[in-house]
Protein chains: 2
Amino acid sequence: MVMKKEVPVFYAPPECVAGGARITLPPDEATHAVRVLRRQRGDRVEVVDGRGNWYRILLDQASKDQVAGAIVEHRSGHNEPAAHLRIGVALLKHRQRFDTFLEKGTELGVTEILPLVTRRTQARAFRADRAHRVMVAAMKQCRRSALPLLHAPERLEAVLGYPWDGVKCVAHQRARSPLNEILDARPAEGVTVLIGPEAGFAEDEVLSANSRGFLSVALGPRRLRAETAAIVAAATVTMHRSRARRQA
Amino acid sequence: MVMKKEVPVFYAPPECVAGGARITLPPDEATHAVRVLRRQRGDRVEVVDGRGNWYRILLDQASKDQVAGAIVEHRSGHNEPAAHLRIGVALLKHRQRFDTFLEKGTELGVTEILPLVTRRTQARAFRADRAHRVMVAAMKQCRRSALPLLHAPERLEAVLGYPWDGVKCVAHQRARSPLNEILDARPAEGVTVLIGPEAGFAEDEVLSANSRGFLSVALGPRRLRAETAAIVAAATVTMHRSRARRQA
């Protein structure tokens, strides 16, 4: 049995795309393409721009300093969800755990990530460059064409005040309605789910969210780690949409 | 606002439980109880045995060498799911990724974990002691009373031949039915889901599983990493059961 041949995808942000006609890979992707994957002039390679554009290009330059080619095919919104999936999750003390969410969330089609600062948030530092690297790797691996839009950390109160469209939820261990039940009524809409830090949201933060139209939702019967809750929320929305599409 | 007070739970395997009357904590848990958490004689502490038993004990010994007490309360099946949730997942090259599944799977109520050896499995080594430590930490954190039953790595063909009860599924990216749709017909039954390695199951492995009664299921529209797929499968079953319980 032959192994499935994986076609590698390269990442080139929009500034690498010249006039919709040519793409020049950024230096690290160029090095990887030539040194590791042995791409040559005449090869066709797939490129995504992290904003929802997928391209096939025909390489006419393939040295270690310059890998570039003409666009021969272009798709917009390739492998991207039809509706928003926004996850707000409190900054976590252990960065590795936040990274785990960034990776899995990207795979699961999250379109916006809001790092939250809440009453009980102990972490403050956030490295957007590190987060970007994790998301780029995940985007390429799962063959999305867009990166989640990553917000700078914001206070919960500010996030509650935004005019988010669609279904708005706040995860809360004592909530009675599981997230998938809430989605049943509005399967095709955008979804925003907020997840608290290690110690959870404070009671009045949940009440404040409720008063702004966020429904309290449960993510199963047990206490979950914050990043697990965020992954479960994303998985629940993705699976719910898959089922709704089949039944439509 | 006062922080939620977390009551720590200690782990004492069944051999530490004497005649259903007394529990002596194992050395590492005893050290943690006395040195870090400052537990003393007269304190009541919660203990789980990893087999579904939850106890409250009244400490009458609390030195760094010996922490023990009489059982004053006992519950069986505490915070455990009513039906089996078995996840078979191929051994992964990056152990850290398998550990991520072990942790999240434990939080999500997985009752049995089957490390699989498939055609395209490149990893062979498996450290059960390391897996045990990850699962114990997760069990305590999410307040389960049982550890998932961890099987030794087995060849896929052997696992396919077992007389598993309930719904049997094999995850496959090109499958048309999402897992939650399959569960709709049999919401309360035990579930077994098999997940392939990094390169997926071989086509004939899927066919072999199908011929043994395993239904091909999809876990959303995108290609997921193996451990992400395993976590999504567990999350989907847990959330589906939460919703079914509410509607029953």
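To find a chain, count down the sequence lines: A is the first, B the second, and so on, and within it residues start at 1.
- In plain terms, the two heavy atoms of Arg222(A) and Gly109(B) that are nearest each other are NH2-CA, 3.2 Å.
- In this structure, Met239(A) and Met239(B) have side chains that are not in contact, with every pair of non-hydrogen atoms separated by 4.5 Å or more.
- For the set Glu227(B), Arg143(B), Arg225(B), Glu181(B), the count of heavy-atom pairs under 4.5 angstrom toward chain A peaks at Arg225(B).
- Of the listed residues (Ala235(A), Ala138(A), Pro81(A), Cys142(A)), the greatest number of heavy-atom pairs within a distance under 4.5 Å of chain B belongs to Cys142(A).
- Distance check, rounded to the nearest 0.5 Å: NE2 of His240(B) to CZ of Arg243(A) gives 5.5 Å.
- A donor-acceptor distance shorter than 3.5 angstrom exists from the side chain of Arg223(A) to the backbone of Gln141(B), with no hydrogens or angles considered.
- By the 4.5 Å heavy-atom criterion applied to side chains, Asp184(B) and Gln247(A) are counted as neighbours.
- For the set Val232(A), Thr236(A), Asn180(A), the entry with the most heavy-atom pairs within less than 4.5 Å of chain B is Asn180(A).
- When heavy atoms are compared at a cutoff of 4.5 Å, Ala218(B) approaches chain A solely by way of its backbone atoms N, CA, C and O.
- There is no contact between Arg241(A) and chain B, counting heavy-atom distances below 4.5 Å.
- Between Ser242(A) and Leu179(B) there is no side-chain heavy-atom pair separated by less than 4.5 Å.
- The minimum heavy-atom distance linking Arg246(B) with Ser177(A) is given by the pair NH2-OG, 3.4 Å.
- Closest approach of Glu107(A) and Thr228(B) over heavy atoms only: OE2-OG1, 2.8 Å.
- Arg212(B) meets the salt bridge (Lys or Arg N to Asp or Glu O under 4.0 Å) test with Glu157(B); sequence neighbours excluded.
- For a residue to count as touching a neighbouring chain, one of its non-hydrogen atoms must lie under 4.5 Å from one of that chain's; by this rule Ile231(B) touches chain A with the side chain only.
- Environment of CZ in Arg176(A): sparse, with no more than 12 heavy atoms of neighbouring residues, nucleotides or ligands closer than 6.0 Å.
- Of all the heavy atoms in Gly220(A) and Thr238(B), the pair that sits closest is CA-CG2, 4.2 Å.
- Gln96(B) is not listed as a side-chain neighbour of Gln96(A), based on a closest heavy-atom distance of 4.5 Å or more.
- Residues Leu224(B) and Leu108(A) are in side-chain contact: their nearest non-hydrogen atoms beyond the backbone lie under 4.5 Å apart.
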**Request:** Show your working on side chain to side chain contact (heavy atoms under 4.5 Å, CB included) between Lys104(A) and Lys104(B) and close with a plain yes or no.
**Result:** CA-CA 12 Å; Lys104(A) 307 309 181 205; Lys104(B) 307 308 182 205; over 6 Å; no

